[in-house]
Number of protein chains: 2
Amino acid sequence: MIPASETRQNLLREAGKLLAEHGYQGTSLSMIAARLGLTKQALLHHFKSKPLLYGAVLAELSEELLNVLFAAMDQGETPEHQLEVFFSAVAALGQENPDRLRLLMRALTEADATEAARSNGGEGRSLQDVLEPLVALIQATEAWEGSGAGTALGIASQLLGATCLFPAAAKILTAGFGTEVVDQAEQERCDLLHKLVHQVLTGMPPQELGASPAG
Amino acid sequence: MIPASETRQNLLREAGKLLAEHGYQGTSLSMIAARLGLTKQALLHHFKSKPLLYGAVLAELSEELLNVLFAAMDQGETPEHQLEVFFSAVAALGQENPDRLRLLMRALTEADATEAARSNGGEGRSLQDVLEPLVALIQATEAWEGSGAGTALGIASQLLGATCLFPAAAKILTAGFGTEVVDQAEQERCDLLHKLVHQVLTGMPPQELGASPAG
DNA sequence: CCCACATCCTACCAGTCGGTAAGTGATTTC
DNA sequence: GAAATCACTTACCGACTGGTAGGATGTGGG
C-alpha cells in the first residue's frame with residue numbers, strides 16, 4: 001500500500017507540470033491521474049475537487065517562491081541587492097525547472113481558476129503572500145522609496161513579466177525561431193535579466209562595464 | 001439579413017475578448033456565439049472550426065501589432081528610438097484595450113492552441129511576423145548589434161513580458177491589492193515602462209535627469 | 001481474529017464540448 | 001419566377017468533463 005503522503009506529493013508534482021503546460025481548463029483530472037497510472041477517482045480521493053487541487057498546487061508554488069524571496073532577503077544587504085538576488089534566483093529556478101515559471105504566469109493570468117482555487121477554502125500560502133513582501137521590498141529601495149504601493153506593484157509586474165515570459169513562451173518561440181536561437185536565448189537569459197533588474201533598480205548599468213554614464 | 005462580413009467582424013471581436021479573458025480551452029464556441037445572440041452553429045458557419053476561429057483572431061491581433069511596429073519604425077529615427085516608440089505604443093494600446101495584451105500573452109503562452117491555430121491552415125499574419133522584425137530591430141541597436149538572434153530574442157521577450165504582464169494580471173492583482181492600488185499602477189504603467197525600455201536599450205537613465213545620451 | 005480505516009477501483013451520472021446533417025426563410029441571379 | 005445562395009436554425013452525435021456511489025483490496029490496532 002503506497003502511503004498517502006507519497007501519492008499526494010506525486011500528484012501535486014505531475015499536476016503542477018500539466019497545469020503549467022495546458023492551463024487550468026486544459027488539464028483534466030484523468031489526465032493528471034493517468035500520469036501516475038491512477039484513475040481520476042483516486043485523485044479525487046486525495047483532493048476533494050479540481051479547484052482544491054489547483055489551490056494545493058498554487059500553495060506549493062507560493063511557498064517555494066516565498067522561500068526564494070526570504071533567502072534573497074537574508075543574503076542581500078540593501079533592498080536593491082536583495083531584489084537582484086531574488087530575481088536572479090527566480091530566473092535560475094526557471095532554468096532547471098521552467099514549468100514553475102510557466103505555472104506562475106498561468107496563475108497570474110488565469111483569473112477565473114486562481115480565484116476559484118482560493119475561494120474554495122484554499123489552505124496554505126497564496127501568491128499574494130509572495131507579492132506583498134516583494135512590493136514592500138521595492139518600496140524600500142532608494143529609487144522607489146516614498147512612492148505608493150501602486151508604483152511598486154507596477155515595477156514588480158514589469159520585473160516579473162521580464163523574468164517569466166520567456167520560459168512560458170519558449171515552446172512557441174522554438175516553433176518560430178528554431179531550437180538553436182531559443183537555446184542561445186535561454187543560456188543568456190539569466191545574465192540579461194540580471195542586467196535589466198540592476199538597471200531598473202539602480203538607474204545605472206551593471207558594474208562590469210567601466211563606463212559611468214550616470215550623473 | 002445581416003451581411004456576413006459584419007457578423008464575422010462581430011464574432012472576431014467578441015471571440016477576442018472572451019479568448020483573452022478565459023483562454024482557448026476556457027472559451028467555448030457557444031459562449032462566443034451567445035454574446036451576439038447566435039447559436040454555436042452560426043459561428044461554425046463563418047469559421048469552420050475552433051482552431052480556425054482562433055487563427056483568425058490571432059491574425060487580426062498580429063496585423064494590429066505589425067501596424068503599430070511599422071508606425072513606430074516610420075516615426076523613430078534610430079532603432080533605439082523606434083523600439084521605444086513601439087513599446088510605448090503597445091503599452092498605450094493596453095491602456096484603452098487591455099484585452100489585446102492579455103490575448104497576446106495567451107497566444108505566447110498557450111502553445112497547444114496557438115500551434116493548432118497555425119497548423120490548421122491558418123491564413124493571414126501570425127505572431128511570428130511581428131516577432132521577426134522586432135528581433136531584427138533589436139539587433140540593429142548599438143547595444144545589441146552583432147549579437148545573435150537568440151540574444152535579441154531574449155531582450156524582446158523581456159521587454160514584451162514587462163509590457164504585457166500587468167494588463168494580463170490586473171484582475172488577480174485587483175483581488176489582492178484592491179482597486180486603488182491597481183489603478184495607480186495602471187496610470188503609471190506607460191511611464192514606468194518607457195523608462196525601463198529606455199534604460200535597457202541605451203544603458204542610461206531617461207533624459208529628464210539631464211544625462212546626455214549616446215555620443 | 002476482526003474491525004476500522006485507507007487506498008484505489010468499476011460503474012455511473014448529468015452536463016458540456018466541438019462538430020455534422022438537414023432544413024427554413026430571406027435575398028440574389030439568371 | 002424558378003433556382004441557387006446566403007445566414008442561420010433545430011436536432012443530433014460521440015467523446016469527454018467534474019463528480020458521486022459503492023465495492024474490492026489491502027493495513028494496523030485492540
Note to self: With a 6.0 Å cut-off (strictly less than), is the heavy-atom count around CD of A:E115, excluding the residue itself, greater than 12?
What the structure shows: no
Check: Over how many whole Å does the gap from A:L38 atom CG to D:dG18 atom C1' extend?
Finding: 17 Å
Notebook entry, point to check: Any side-chain heavy atom of A:D99 within less than 4.5 Å of one from A:E21?
Noted result: no
Checklist line | N/O (side chain, A:H45) to phosphate O (OP1/OP2, C:dC8) under 4.0 Å | finding: no
Notebook entry, point to check: For the side chain of A:K50, counting heavy atoms from C-beta on, which of D:dT9, D:dG18, C:dC9 is nearest?
Noted result: D:dG18
Note to self: Just the rounded figure in Å: distance from P of C:dC9 to CG of A:L36.
What the structure shows: 11 Å
Notebook entry, point to check: According to a strict under-4.0 Å criterion, is A:T7 in side-chain N/O contact with OP1 or OP2 of C:dC8?
Noted result: yes
Item checked: Reference residue B:V90; test side chain to side chain contact (heavy atoms under 4.5 Å, CB included); the match among B:V68, B:V85, B:L69 -> B:V68
Notebook entry, point to check: Counting any heavy atom closer than 4.0 Å, what does B:A42 reach on the DNA or RNA strands: base, sugar-phosphate only, or nothing?
Noted result: base
Margin query: If I compare all heavy atoms of A:R106 with all of B:E110, which pair ends up nearest, and what's the gap?
Written below: NH1-CG, 3.3 Å
Next item on the list: Would you tell me if any nitrogen or oxygen in the side chain of A:S30 comes within less than 4.0 Å of OP1 or OP2 on D:dT17?
Entry: yes
Next item on the list: Nearest whole angstrom, please: distance from the C1' of C:dT16 to the CG of B:L29.
Entry: 12 Å
Notebook entry, point to check: Under a 3.5 Å cutoff on both atom distances, Watson-Crick or G-U, what's the dot-bracket for DNA chain C ([ ] crossing, | other strand)?
Noted result: ||||||||||||||||||||||||||||||
Next item on the list: Check whether more than 12 heavy atoms from other residues, nucleotides or ligands sit under 6.0 Å from atom CD of A:Q128, and answer yes or no.
Entry: yes
Check: Is B:G26 touching bases, backbone alone, or none of the nucleic acid, heavy atoms closer than 4.0 Å?
Finding: nothing
Next item on the list: Take the protein atom CE of B:M31 and the nucleotide atom P of D:dT17, then report the distance between them rounded to whole Å.
Entry: 17 Å
Checklist line | Closest-nucleotide 5' rank along DNA chain D - winner of A:L44 and A:S28 | finding: A:S28
Item checked: Side chain B:Q158, main chain A:A162, donor-acceptor under 3.5 Å -> no
Item checked: Whole angstrom value for the distance that separates C1' of C:dG18 from CZ of B:F47 -> 16 Å
Next item on the list: Look at atom CD of A:E180 and say whether more than 12 heavy atoms of other residues, nucleotides or ligands are closer to it than 6.0 Å.
Entry: no
Just the table, please: protein N/O against nucleotides 11-14 of chain D N/O, every pair under 3.5 Å.
from   : atom 1 : to    : atom 2 : distance (Å)
D:dA11 : N6     : B:Q41 : NE2    : 2.8

Next item on the list: Take the protein atom CG of B:L11 and the nucleotide atom C1' of D:dA7, then report the distance between them rounded to whole Å.
Entry: 12 Å
Next item on the list: Compute whether any side-chain donor of one residue and acceptor of the other, for A:Q25 and B:H22, lie under 3.5 angstrom apart.
Entry: no
Item checked: Heavy-atom closest contact (A:A116 atom, A:S119 atom, distance) -> O-OG, 3.3 Å
Margin query: Check this one for me: any side-chain N or O of B:H46 less than 4.0 Å away from OP1 or OP2 of D:dC6?
Written below: no
Item checked: Separation of atom CD in A:E6 from atom P in C:dA6, rounded to whole Å -> 18 Å
Checklist line | B:K171 side chain vs A:L108 backbone, donor-acceptor pair below 3.5 Å | finding: no
Check: Rounded to the Å, how far apart are B:L53 CG and C:dG19 C1'?
Finding: 14 Å
